[in-house]
Student: 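Please read through the structure below; I'll follow up with questions.
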Amino acid sequence: MLLLQFFVSGVATGCFLILATIGFSLTRRVEGFLNIAHAELLGVSAFTTWWLNSHHGWHVLAAAVAAIAFTALVGLGIARVVYDPIRHRGPAVLLITSTGVAFVIGGALHGLIGTGIRTLDIGLAHRYEAFGLRVTSHQLIVVGLAAAVSVSLALFLNRTRTGLAIRAMAVNPELAASRGVNLSATSRATWLLSSGLAGLAGVMLAVLATLTTDLAFAQILQILAVAILAGLGSLYAVILSGLLVGVAMDVSAYWIPAGYRPLVAFAVVIVVLLFRPAGLAGTRDA
């Protein structure tokens, strides 16, 4: 029964990883580089939510909406000011630059927030039990949001003009431009969307965990594990990868200390890549 409980918790963990990784994978597909600073955007959103909720008395939902919008604008601003001027230098330079941006954001959060732990003013999660298994209301919210975001994003990318433009730009920017796609506007939409998704994941990070200024950066290893396992080419595969990594990390606590969870995440990646070197979905379009 304990092993099954770990599995249930792993599903919730996997759903959080889905929320944290979808925006990262979207940026990778469209902009063509690994944006390490994506993880720190979770911290921007988490601490914005905390600041509005705990310091200014905002209801958590209002604080969350404001934090997500603010994070989306921060992500867009970083892209315009930092990444766009050096885009011509290639993905390796952009990757290194994004790592520097991550440290800058992390340092700024540490300077503004300071040390110690923070929590939202939302009370304790309700606990539900069925068949000897326990699940909290916060875990149920994460699962529901992951499902809603996955379906909504799929519909957006396949049914809207902006979503189709994003898909076209991801496949071939030059061909997309020749067909009338405004690459600059599509890039802005991509950054707003991916950063907003990071903001949503950051809100859930604030809900699920006690916040410290280094918590967000610690998520990048798990985000990378999920993205690499998905093949860095398919948004749909992120769903399967997130669940697989989340369940593997939590179930492994049945045998080994929980501190080894990141090691387990990359062990799963290595094992899968031995049999599928291109990842779960290869490089096919989502």
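Quick note: numbers below take in every heavy atom, side chains included, and nothing from hydrogens, waters or symmetry partners.
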Student: Considering the options V101, L94, V104, which one meets the side-chain contact (heavy atoms from CB on, under 4.5 Å) requirement together with V82?
Tutor: V101

Student: Minimum heavy-atom separation for T13 and G246, please, with both atom names.
Tutor: CG2-CA, 4.0 Å

Student: Answer with yes or no whether the hydrophobic clustering places V143 together with L240; edges join I, L, V, M, F, W, Y residues whose side-chain heavy atoms lie under 4.5 Å apart.
Tutor: no

Student: So, the side chain of R29 versus the backbone of I166: is there a donor-acceptor pair under 3.5 Å, distance only?
Tutor: no

Student: To check you understand the geometry: which heavy-atom pair defines the closest contact between C15 and L243, and what is its length?
Tutor: SG-CD2, 4.1 Å

Student: Between L164 and R159, is there a side-chain heavy-atom distance shorter than 4.5 Å?
Tutor: no

Student: Nearest heavy-atom pair of T213 and G114: which atoms, and what distance?
Tutor: CG2-O, 3.5 Å

Student: To check you understand the geometry: which heavy-atom pair defines the closest contact between S252 and V264, and what is its length?
Tutor: OG-CG2, 3.4 Å

Student: Could you check whether atom CZ of F70 has more than 12 heavy atoms from other residues, nucleotides or ligands sitting under 6.0 Å from it?
Tutor: no

Student: Any side-chain heavy atom of V8 within less than 4.5 Å of one from R134?
Tutor: no

Student: Between atom CZ of R127 and atom OG1 of T136, what is the distance when rounded to the nearest 0.5 Å?
Tutor: 8.5 Å

Student: Take a 6.0 Å sphere around CZ of F7 and say whether it holds more than 12 heavy atoms from other residues, nucleotides or ligands.
Tutor: no

Student: Taking all atoms of both residues into account, what is the closest heavy-atom pair of N53 and W58, and its distance?
Tutor: ND2-O, 3.0 Å

Student: Does the plane of the ring in F217 sit parallel, tilted or perpendicular to the ring in F103? Use 30° and 60° as the thresholds.
Tutor: tilted

Student: What I'd like to find out is whether the side chain of T21 reaches to under 4.5 Å of the side chain of L224, using heavy atoms alone.
Tutor: no

Student: Is it the case that S184 and N182 place a side-chain donor and acceptor less than 3.5 Å from each other?
Tutor: no

Student: So H138 and H126, do their side chains get closer than 4.5 Å, heavy atoms only?
Tutor: no

Student: Evaluate the side-chain proximity of V181 to L183: yes if any heavy-atom separation is below 4.5 Å, no if none is.
Tutor: yes

Student: Take E31 and R87 through the test side-chain contact (heavy atoms from CB on, under 4.5 Å) and record every step on the way to the result.
Tutor: CA-CA 9 Å; E31 301 296 329; R87 182 184 300 276; 2.5 Å; yes

Student: Would you call the rings of H38 and F24 parallel, tilted or perpendicular, where under 30° means parallel and over 60° means perpendicular?
Tutor: perpendicular

Student: Answer yes or no: is there a side-chain heavy-atom contact under 4.5 Å between L73 and L192?
Tutor: yes

Student: Do F156 and V151 make a side-chain contact, defined as non-hydrogen atoms from C-beta onward lying under 4.5 Å apart?
Tutor: no

Student: Check whether any side-chain heavy atom of L145 sits under 4.5 Å from a side-chain heavy atom of M204, and report yes or no.
Tutor: yes

Student: Are Y128 and L133 joined in one hydrophobic group, where the rule is that I, L, V, M, F, W and Y side chains link up if heavy atoms are under 4.5 Å apart?
Tutor: no

Student: Pick one: which of V60, T49, L61 meets side-chain contact (heavy atoms from CB on, under 4.5 Å) with I122?
Tutor: V60

